[in-house]
Amino acid sequence: MTMSFRDLTDSKGYAICLAGVVISMLLVRYRKRSVSRLPLPPGPSRLPIIGNLLQMPTSHLWEKATEWRKQYGDVVYVENVGIPTLILNSYEAASELLDKRSAIYSSRPHVVMTNDLQGWTWATTMLPYGETLRKHRTYLHRFFQTSEALNYVELQERETYVMLNGLLDTPDKYEQHVRRLPGAVILRNVYGYEVQGLKDPMVELGYKVLRSSSESLEYLYLDFLPWLKYLPEWFPGIKFPRVGREGREIAENFRSTSVATGKAQYLASGKECMTSILLAENALEDGSFIDEDIIWDASSLAFLGGTDTSVTAIMTFILAMLKNPDKQRRAQEEIDAVIGPDRLPNLSDKDSLPYIQAICTETLRWEVVLPLALPHYLTDEDEYMGYRIPAGSMILANNWAISRDPALYPDPLSFKPERWIPGGTKEGVPNLRSEDFAFGFGRRICPGQNWAEHIIFQAVASILATFTIEKAVEPDGKPIAPNDNFHPSPVRTLGGSQCTISPRSEKAALLIRQAFATL
Ligand code: HEM
């Protein structure tokens with residue numbers, strides 16, 4: 001049999017390719033074996049079987065991890081009954097692993113209470129990395145990363161007028177007015193649903209769901225002893241089966257109510273919203289829809305993911321104003337000089353209001369909303385700084401430590417918008433903006449970041465333009481300290497303070513009434 005030159009080159013090429021593949025496989029195997037020989041990252045010493053279980057705090061893990069940073073450094077390894085956990089205490093480490101190596105750091109851990117007992121397996125936040133998650137994120141990006149699909153900026157503006165009007169009427173209920181704002185915009189964006197009043201059933205339901213899913217994190221010990229999940233509710237001395245059942249009922253109620261709300265809107269073919277657009281695009285002739293479950297699931301998570309987080313950011317801003325009247329005055333001076341007294345600010349003013357922008361950025365840094373972002377999950381063994389990171393590790397980015405790192409943010413506990421203004425402080429503008437970590441990392445970065453940044457700016461600028469926020473005073477004239485007691489859930493929340501929120505002038509009040517009247 002003779003061989004042509006072409007056959008020869010082809011077979012040579014084939015052999016070279018084959019050799020390349022074999023060498024790569026050997027290298028990967030060698031690397032894997034050599035990685036396996038590396039030590040684990042530093043961390044508190046572990047006991048046999050239970051590991052670090054006894055050193056793990058029941059809440060505020062982010063604060064404990066920030067203390068550990070002083071002793072062990074940027075990367076701290078802990079293990080609880082065999083569950084490896086890596087805490088990343090610096091932006092460099094978080095960005096190197098979660099952003100740059102996102103191919104293996106983008107899944108989510110399986111949580112017994114949340115996934116198995118409460119049944120949240122369909123939630124975007126809990127999905128393992130894969131095709132379903134990608135579809136969720138594609139839909140969410142389309143409607144939340146740019147305002148083009150739904151013109152959400154206009155809606156944010158309109159709902160802000162409702163909030164301002166509420167603050168004029170019942171300033172003592174400011175927490176409820178703030179709470180209503182993000183929920184009202186998202187429910188309209190997602191389902192075309194119009195929120196009614198301060199006690200809207202959908203807003204209340206969303207709030208209930210978040211309380212229940214936050215509570216579920218108190219039961220992380222079930223992940224160390226997963227067989228416990230089979231214990232019945234009547235078993236003496238345990239309450240997690242009941243918490244699991246009630247959580248599941250709330251989750252199911254939430255999902256079915258959301259689907260019913262969205263379907264009603266779609267059938268009424270009224271306002272354009274995320275679900276009506278997606279259903280129309282995916283409708284089949286037999287009346288069913290491609291990816292129907294994914295459409296409902298992703299939409300529900302926009303509502304759940306976007307409401308409490310944005311509320312906490314706006315409540316934090318109000319707290320910052322209560323504690324820092326001088327910053328409030330400076331912000332109002334900027335608004336007066338740029339906008340004047342004849343109109344309300346809006347998003348298009350952002351670039352001409354650098355101090356207001358700085359307040360928004362500082363708010364996200366000063367009290368981070370998600371101190372540990374959300375846990376990522378490592379799917380393949382990895383090596384970092386000479387340490388082995390086992391496959392199956394839970395990876396926590398410690399945004400609390402990053403936001404309070406004095407090397408990045410001198411005097412980190414002070415609320416200092418000036419630090420974001422060129423020439424505002426002697427140290428100069430920090431290299432790392434809060435927006436670059438507060439919304440998470442890599443392929444799981446928050447899909448609602450732009451939407452959130454826009455509503456925070458809109459709310460902050462509008463409140464500062466029209467109201468002055470001051471501490472309430474005791475009958476003897478002593479100022480009452482504001483409430484800065486954040487609830488230590490994974491998404492931190494903050495209740496209201498005793499304070500006065502009064503219109504800056506009659507003109508400001510009139511502007512609000514006029515804007516409200518146009519709705
Ligand atoms: C101030 C407001 C907000 C903050 C601080 C915030 C922060 C975060 C953070 C830290 C994560 C975890 C990212 C990671 O795992 O690395 C996240 C995930 C998420 N956020 Fe937000 N978020 C906010 C608003 C919103 C809004 C308005 C939406 C509406 C679409 C939203 C929807 C989501 C969803 C669905 C996820 C899960 C993404 C995934 O698992 O792939 N968030 N957010």
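As the structure is a prediction and not an experimental result, all values here were calculated from the model.
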For [X], look at atom [atom1] and say whether over 12 heavy atoms of other residues, nucleotides or ligands are found less than 6.0 Å away.
X    : atom1 : result
N431 : CG    : no
K173 : NZ    : no
Q498 : CD    : no
E148 : CD    : no

Once rounded to the nearest 0.5 Å, what's the spacing between atom [atom1] of [X] and atom [atom2] of [Y]?
X    : Y    : atom1 : atom2 : answer
L88  : I395 : CG    : CD1   : 6.0 Å
L150 : R142 : CG    : CZ    : 8.5 Å
E362 : T316 : CD    : OG1   : 12.0 Å

Would [X] and [Y] count as having a side-chain donor-acceptor pair, cut-off 3.5 Å?
X    : Y    : answer
S403 : R365 : no
E333 : Y355 : no
D297 : T124 : no
N89  : W68  : no
D99  : S95  : yes
Q357 : T361 : no
D172 : T170 : no
N450 : E453 : no

Any side-chain heavy atom of [X] within less than 4.5 Å of one from [Y]?
X    : Y    : answer
P41  : L86  : yes
T425 : W420 : no
P44  : Y77  : no
P430 : L408 : no
L322 : Q328 : no
L464 : E334 : no
Y191 : M274 : no
L210 : S212 : no

So, the side chain of [X] versus the backbone of [Y]: is there a donor-acceptor pair under 3.5 Å, distance only?
X    : Y    : result
N399 : F437 : yes
R419 : D411 : yes
T466 : S462 : yes
T121 : N115 : no
Y174 : S497 : yes
N324 : A320 : yes
S258 : F254 : yes
T307 : P182 : no
E383 : G386 : yes
D405 : S90  : no

Any ion pair linking [Y] and [X] (charged N to carboxylate O, less than 4.0 Å)?
X    : Y    : value
R388 : E381 : yes
E435 : R433 : yes
D200 : R180 : no
E159 : R188 : no

Next on the checklist: Set out, in order, the CA-CA distance, both residues' side-chain angles and the distance that settles side-chain contact (heavy atoms from CB on, under 4.5 Å) for W122 and L127, then state yes or no.
Outcome noted: CA-CA 7 Å; W122 53 271; L127 285 175; 5.8 Å; no
Without placing hydrogens or testing angles, list every side-chain donor-acceptor pair under 3.5 Å for residues 366-377, not counting sequence neighbours.
| unit_1 | atom_1 | unit_2 | atom_2 | d |
| --- | --- | --- | --- | --- |
| W366 | NE1 | L413 | O | 2.9 |
| E367 | OE1 | R404 | NH2 | 3.2 |
| E367 | OE1 | R492 | NH1 | 3.0 |
| E367 | OE1 | R492 | NH2 | 2.9 |
| H376 | ND1 | Y105 | O | 2.8 |

Next on the checklist: Run V75 and I87 through side-chain contact (heavy atoms from CB on, under 4.5 Å) and show every step you take.
Outcome noted: CA-CA 6 Å; V75 175; I87 304 173; over 6 Å; no
Item to check | Y152 and W451 aromatic ring geometry - parallel, tilted or perpendicular at 30°/60° bounds | outcome: tilted
Next on the checklist: As a quick check of understanding, evaluate side-chain contact (heavy atoms from CB on, under 4.5 Å) for F441 and Y91, giving each step before the final call.
Outcome noted: CA-CA 10 Å; F441 296 88; Y91 177 77; 3.7 Å; yes
Item to check | Which residues share a ring-ring contact (aromatic ring centres under 6.0 Å, His included) with H60, sequence neighbours left out | outcome: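 H60: ring-ring contact (aromatic ring centres under 6.0 Å, His included) contacts with W62.
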Checklist entry - Between Q332 and T468, does a side-chain contact (heavy atoms from CB on, under 4.5 Å) hold up when you go through it step by step? => result CA-CA 9 Å; Q332 289 173 333; T468 296; 3.5 Å; yes
Checklist entry - Pick one: which of L494, I469, L319 meets side chain to side chain contact (heavy atoms under 4.5 Å, CB included) with P482? => result L319
